[in-house]
Participant: 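If you scroll down you'll find the structure; I have some questions about it.
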Protein chains: 2
Amino acid sequence: MDKRQFKDRVYTILSGLVKAMANPHRLEIIDLLGQGERSVEEIAAETGMSIANASQHLQVLKQSNLVQIKRNGNFILYRLANDNVYKSWKDLREIGMESLEEVKKIVKDFREKKSSFEPMRMDDLLSRMESSNIILLDVRPEQEFKAGHIPKAINIPIDQLPGRIGELKRSKRYVAYCRGPFCVFADDAVQFLTEKGFKANRLEEGYPDWKIKFQAETVR
Amino acid sequence: MDKRQFKDRVYTILSGLVKAMANPHRLEIIDLLGQGERSVEEIAAETGMSIANASQHLQVLKQSNLVQIKRNGNFILYRLANDNVYKSWKDLREIGMESLEEVKKIVKDFREKKSSFEPMRMDDLLSRMESSNIILLDVRPEQEFKAGHIPKAINIPIDQLPGRIGELKRSKRYVAYCRGPFCVFADDAVQFLTEKGFKANRLEEGYPDWKIKFQAETVR
DNA sequence: GAACTATTCAATAAGTTTCTTGAATAGATA
DNA sequence: TATCTATTCAAGAAACTTATTGAATAGTTC
């Protein structure tokens, strides 16, 4: 095998991997599976796709070794094959968030309606949490919180927030996080809390970002 | 704009970015541009493509904001738009190197003909260089070495190596590196040095990987 | 073992990507 | 201003990708 053949083969295989990610639905699936395993039905419901279409896209991801399956009763559960998959998605997402004006604008416009405060970055949060009166609020569904969360966070799922507002204190600043930058639970929480007179920001990143940043070694 | 519209738009734009990377030639171009800027002609020559085809692929990368251009005399020079682009490619590459058996096998088979020693990882290298008698050997063309290299490395371009073998000492161990894991200059160097009775390994990673790992702050 | 149910498969039509060829362009040099 | 040269554009054929539909499957539960 000569140099050119070697390169052609390697780059062709790797481009196959990239092609498997190169679809809006499949990116959304990868982002969702960053939360933990899901059945085809759940994936279809959360992403607004038909079941047959979700299944087809999941086959593409499976054939490229980006996801793996496990049977549980009547359901087949899909999960990301390893942490590198989410890490790659995160990097691609960050190119978009940092250098595509179009993405920046859409995200900014969408959030502007929900909050006048800037989102907080994870690096800032961790340094501020020590000394200040910040409370970290995980607004994902209970099951996801139980599967893993940022230390010291309290869990009030977004749909329970109106009923549990009494648990919160006006003297604190609340920083809400959820699944990632494109998850809107945190934006909804910030909007609701701000309207009720609380101090609230969203965290730019979500739980999976914290996990790959700080738990990489322990997870392996 | 509702939640679903917001997500559809963001994921569609980001998938456009991923699609722009989802081609073997374009991945090779990104990898090459990790070394520094290049003209269309140089890119075509180094990757074995026709000029028209290289140009067409460069247009795709440019339209997705992955590369930028600069005119220099008669030539148009292409370069990566920012460090995140190489970082994303690196992560995708690493999924392949770590979890695609097919990639692992091709790389292993190709290297086996060149060397019986395992490649050294960057993390190992840096800890060993202090105390041991390792010499780091950059076998890229002189111009690339001058544009940036790993500290303490000496530069002997692969095509000058046979003529300059007298500069090397048999008491040392030589660790050769070049552009990245799929660059074969280092493999050729290791093969040559081993045949001449020197102790030599290749470094798994290349210069751009060192750069984004250790120079990220200074470059920004 | 029968019935059930989540998931996959197969076929199709519309849209997209790729490479090749040869012509066109824009900018630099003389 | 004319010439030169690197790069881009345009057109077309072949090969992929995608969503939809309805049928098939495989594994579980009763």
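By convention in this document, chain letters (A, B, ...) are assigned in the order of the sequence lines, proteins followed by strands, and residues within each chain are numbered from 1.
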Participant: Taking A/D188 as the fixed residue, which of A/R140, A/K114, A/R202, A/K113 is the one that meets the salt bridge (Lys or Arg N to Asp or Glu O under 4.0 Å) rule?
Facilitator: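 Checked A/R140, A/K114, A/R202, A/K113 against A/D188; only one passes salt bridge (Lys or Arg N to Asp or Glu O under 4.0 Å): A/K114.
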
Participant: With ring pair (Phe, Tyr, Trp, His ring centres under 6.0 Å) as the rule and sequence neighbours excluded, what pairs involving residues 32-64 of chain B come up?
Facilitator: B/H25-B/H57

Participant: Heavy-atom distance under 4.5 Å between the side chains of B/F182 and B/M97, does that happen here?
Facilitator: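 Result yes, sub-4.5 Å side-chain heavy-atom pair found.
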
Participant: Does A/R179 have any side chain to side chain donor-acceptor pair (under 3.5 Å) partners at least two apart in sequence or in another chain, and if so, which?
Facilitator: A/E46, A/E144

Participant: Find out whether A/L161 and A/L193 are in side-chain contact, i.e. whether some heavy atom of one side chain is under 4.5 Å from a heavy atom of the other.
Facilitator: yes

Participant: Please step through side-chain contact (heavy atoms from CB on, under 4.5 Å) for the pair B/F192 and B/I165, ending with a clear verdict.
Facilitator: CA-CA 10 Å; B/F192 179 76; B/I165 192 99; 3.4 Å; yes

Participant: Is any side-chain heavy atom of B/M49 closer than 4.5 Å to one of B/E28?
Facilitator: no

Participant: I'd like to know if B/R121 and B/D209 make a salt bridge, using a cut-off of under 4.0 Å between side-chain N and carboxylate O.
Facilitator: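 Looking at B/D209 together with B/R121, the answer is no, because their closest N to O distance does not fall below 4.0 Å.
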
Participant: Could you tell me how far apart A/N23 (CG) and C/dT16 (P) are, to the nearest whole angstrom?
Facilitator: 13 Å

Participant: In plain terms, say whether B/K146 and B/E142 are close enough for a salt bridge, that is, a side-chain N and a carboxylate O under 4.0 Å apart.
Facilitator: yes

Participant: What nitrogen or oxygen pairs link the protein and nucleotides 7-12 of chain D at under 3.5 Å?
Facilitator:
| residue | atom | partner | partner atom | Å |
| --- | --- | --- | --- | --- |
| D/dT7 | OP1 | B/V40 | N | 3.4 |
| D/dT7 | OP1 | B/I76 | N | 3.2 |
| D/dT7 | OP1 | B/I76 | O | 3.3 |
| D/dT7 | OP2 | B/E41 | N | 3.1 |
| D/dT8 | OP1 | B/Q59 | NE2 | 3.0 |
| D/dT8 | OP1 | B/Y78 | OH | 2.5 |
| D/dT8 | OP2 | B/S55 | OG | 2.7 |
| D/dT8 | OP2 | B/Y78 | OH | 3.3 |

Participant: Any side-chain N or O of B/H25 less than 4.0 Å from the OP1 or OP2 oxygen of C/dT18?
Facilitator: no

Participant: Need the bend value for the helix from C/dG1-D/dC30 to C/dA30-D/dT1: angle between end axes, 5 pairs each end, nearest 10°.
Facilitator: 40°

Participant: What are the residues of residues 9-21 of chain B, sorted by number, that bring a heavy atom to within less than 4.0 Å of DNA chain C?
Facilitator: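 Nucleic-acid contacts, sorted: B/K19.
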
Participant: Do A/P181 and A/E94 come close enough that some side-chain heavy atom pair is under 4.5 Å?
Facilitator: no

Participant: Expressed in angstrom and rounded to an integer, what is the separation of B/D8 atom CG from D/dA19 atom C1'?
Facilitator: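 The distance from CG of B/D8 to C1' of D/dA19 comes to 14 Å, rounded to the nearest Å.
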
Participant: Heavy-atom distance under 4.5 Å between the side chains of A/M21 and A/L27, does that happen here?
Facilitator: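 Yes, side chains in contact.
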
Participant: side-chain contact (heavy atoms from CB on, under 4.5 Å), that's the test. Do B/I154 and B/L137 meet it? Break it down for me.
Facilitator: CA-CA 5 Å; B/I154 61 168; B/L137 186 62; 3.7 Å; yes

Participant: Looking at every heavy atom in both B/P151 and B/L136, which two are closest together, and how far apart are they?
Facilitator: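 Taking B/P151 first and B/L136 second, the nearest heavy atoms are O-CD2, 4.3 Å.
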
Participant: List every contact pair, protein side and nucleotides 12-15 of chain C side both N or O, where the distance is under 3.5 Å.
Facilitator:
none

Participant: What's the CG-P distance between A/L61 and D/dT17, to the nearest Å?
Facilitator: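 Distance, rounded to whole Å: 13 Å.
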
Participant: Would you mind telling me which residue lines up with the more 5' stretch of DNA chain D, A/A22 or A/G73, judged by nearest nucleotide?
Facilitator: A/A22

Participant: Check the distance between C/dT17's C1' and B/H57's NE2 and give it to me in whole angstrom.
Facilitator: 9 Å

